[in-house]
Amino acid sequence: MTLHPDIAKVLGGLPPSDGAPIDPVRARAAEQAQVPPPEERLPLHAVEDTTATTPSGEVPVRIYTPAEADSYGLLVYFHGGAFFSGSLDTHDGIARSLARETGHKVVSVGYSLAPEAAYPTALRECYGVVRWAADNGESLGWDGGNLAVAGDSSGGNFAAAVTAMARDDGFDRISHQVLLYPSVDLDFDTERYASLRDNAEGYGLETRALKPHNAFYLDSGADPADPLVSPIKREDLSGLPPALIVTAEYDPLRDEGELYGRRLEEAGVEVEVRRYGGATHGFLALFSWIPEYHAAFAEVSRFLGRG
């Protein structure tokens, strides 16, 4: 299908890139300036900022409780932002919608950002928070059932890598992985995936921007050939938890996410891959006010077994 007209209108109003080098501090400040005030956010029963104690240190987390209940499934969420941007605030809307639609208590992770935090600091923090959630299930009101991980874009990279770390550690409590338009291959050779060419420009995230945006992470010590950096390069994908992979039709990263789904399926993992027509990368952060795209949160709920 064609690009959704509401998305096309927004993209058509954006100024062209000036090609200037990316300044992480300025980029983060610009994102923060777009965060809506608390009174305009989706209301939930409770939202609490706290810290998780992990082997990598104290990690900021924001805990979203959708409604008053005796117990909950848990979902640990990793925000996107090409490893150098994004925050608990910028992706607050996604976390709230995940909590509301799934009925799970959501633990959003404020992991350390590149380049200030070298690889693998952020990845270890994300995995540490998952272990912390399991260890503190009683205080979190965990029902002992679902302990899902989810992430969008680079957060989807972390979610995929965390499931692999858990499997290798013999930690078998992760029940589901939800990868939202994930970045799972940090080798940006444009010959590898047709979507890198077909969706190269004009759709928000542009192929030429992938290398400079991810350079902060890669230059901090992350090797694209390492399966913990590019999860699609892991040879043995067996034994990983069931996966829901959401992709966008007009996303340069579309094909790598869908190929990862096929590889998981070939390894015997239960997989659902859902491509959203007319959508672009980041549509849940930017365009979930469009009903057909907000429906992706209900799809996550169904996948987790509630809907």
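Keep in mind that the numbers below use all heavy atoms, side chains included, and drop hydrogens, waters and symmetry copies.
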- Task: Go through the steps for Trp132 and Leu140 under the test side chain to side chain contact (heavy atoms under 4.5 Å, CB included), then give the verdict.
- Result: CA-CA 10 Å; Trp132 170 86; Leu140 290 171; 4.1 Å; yes
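- Evaluation of the side chain to side chain donor-acceptor pair (under 3.5 Å) test over residues 61-74, restricted to residues two or more places apart or in two chains, returns Asp49-Arg62, Arg62-Asp89, Arg62-Asp92, Tyr64-Asp92.
- A distance-only check finds no donor-acceptor pair linking the side chain of Arg263 to the backbone of Leu237 [under 3.5 Å].
- The heavy-atom pair separating Ala67 from His45 by the smallest distance is CA-CB, 3.5 Å.
- Ring geometry for Phe283 versus Tyr181: interplanar angle of 30 to 60°, hence tilted.
- His79 and Asp152 share no donor-acceptor pair across their side chains, judged by distance under 3.5 Å alone.
- When every heavy atom of Ser288 is checked against every heavy atom of Phe297, the shortest pair comes out as CB-CE1, 3.9 Å.
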- Task: Verify side chain to side chain contact (heavy atoms under 4.5 Å, CB included) between Ile63 and Val106, making sure each step is shown before the conclusion.
- Result: CA-CA 6 Å; Ile63 300 174; Val106 171; over 6 Å; no
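- Salt bridge status for Arg302 with Glu299: present, with a side-chain N to carboxylate O gap under 4.0 Å.
- Although no hydrogens or angles enter the test, the distance criterion places no donor-acceptor pair under 3.5 Å between the side chain of Ser230 and the main chain of Asp226.
- When only modelled atom types and interatomic distance are considered, Asp185 and Tyr193 share a side-chain donor-acceptor pair under 3.5 Å.
- Classification of Arg274 and Glu249 as a salt-bridged pair fails, no side-chain N sitting under 4.0 Å from a carboxylate O.
- By the 30° and 60° cut-offs, the orientation of the rings of Tyr217 relative to Tyr119 is perpendicular.
- Not one N or O on the side chain of Arg254 forms a donor-acceptor pair closer than 3.5 Å with the backbone of Leu196.
- With sequence neighbours left out, Arg262 forms a side-chain contact (heavy atoms from CB on, under 4.5 Å) with Glu258, Leu259.
- Between Arg167 and Asp236 there is a salt bridge, since a side-chain N of the basic residue sits under 4.0 Å from a carboxylate O of the acidic one.
- The side-chain heavy atoms of Ser85 and Arg28, taken from C-beta on, include a pair separated by under 4.5 Å.
- Hydrophobic clustering places Tyr111 together with Leu147 (ILVMFWY residues linked when any side-chain heavy atoms are closer than 4.5 Å, directly or through intermediates).
- In this structure Arg197 satisfies the salt bridge (charged side-chain N to carboxylate O under 4.0 Å, His left out) test with no other residue, sequence neighbours excluded.
- A search for side-chain contact (heavy atoms from CB on, under 4.5 Å) contacts involving Thr280 returns Leu3, Ile7, Leu11, Tyr203, Tyr250, Phe287, not counting sequence neighbours.
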- Please lay out, stage by stage, how Glu48 and Val61 fare under the test side chain to side chain contact (heavy atoms under 4.5 Å, CB included). CA-CA 8 Å; Glu48 175 193 5; Val61 295; over 6 Å; no
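- Inter-residue side-chain proximity for Val178 and Tyr77 is flagged as unmet; no heavy-atom pair is nearer than 4.5 Å.
- Residues meeting the ring-ring contact (aromatic ring centres under 6.0 Å, His included) test with Tyr127, sequence neighbours left out: none.
- Glu125 and Ser112 form a side-chain donor-acceptor contact under 3.5 Å, judged by distance and modelled atom types alone.
- Side-chain heavy atoms closer than 4.5 Å link hydrophobic residues (I, L, V, M, F, W, Y) into clusters, and following such links, even through other members, never connects Leu179 to Tyr276.
- By the salt bridge (charged side-chain N to carboxylate O under 4.0 Å, His left out) test, Glu201 is found to be paired with no residue, residues two or more places apart in sequence or in another chain being considered.
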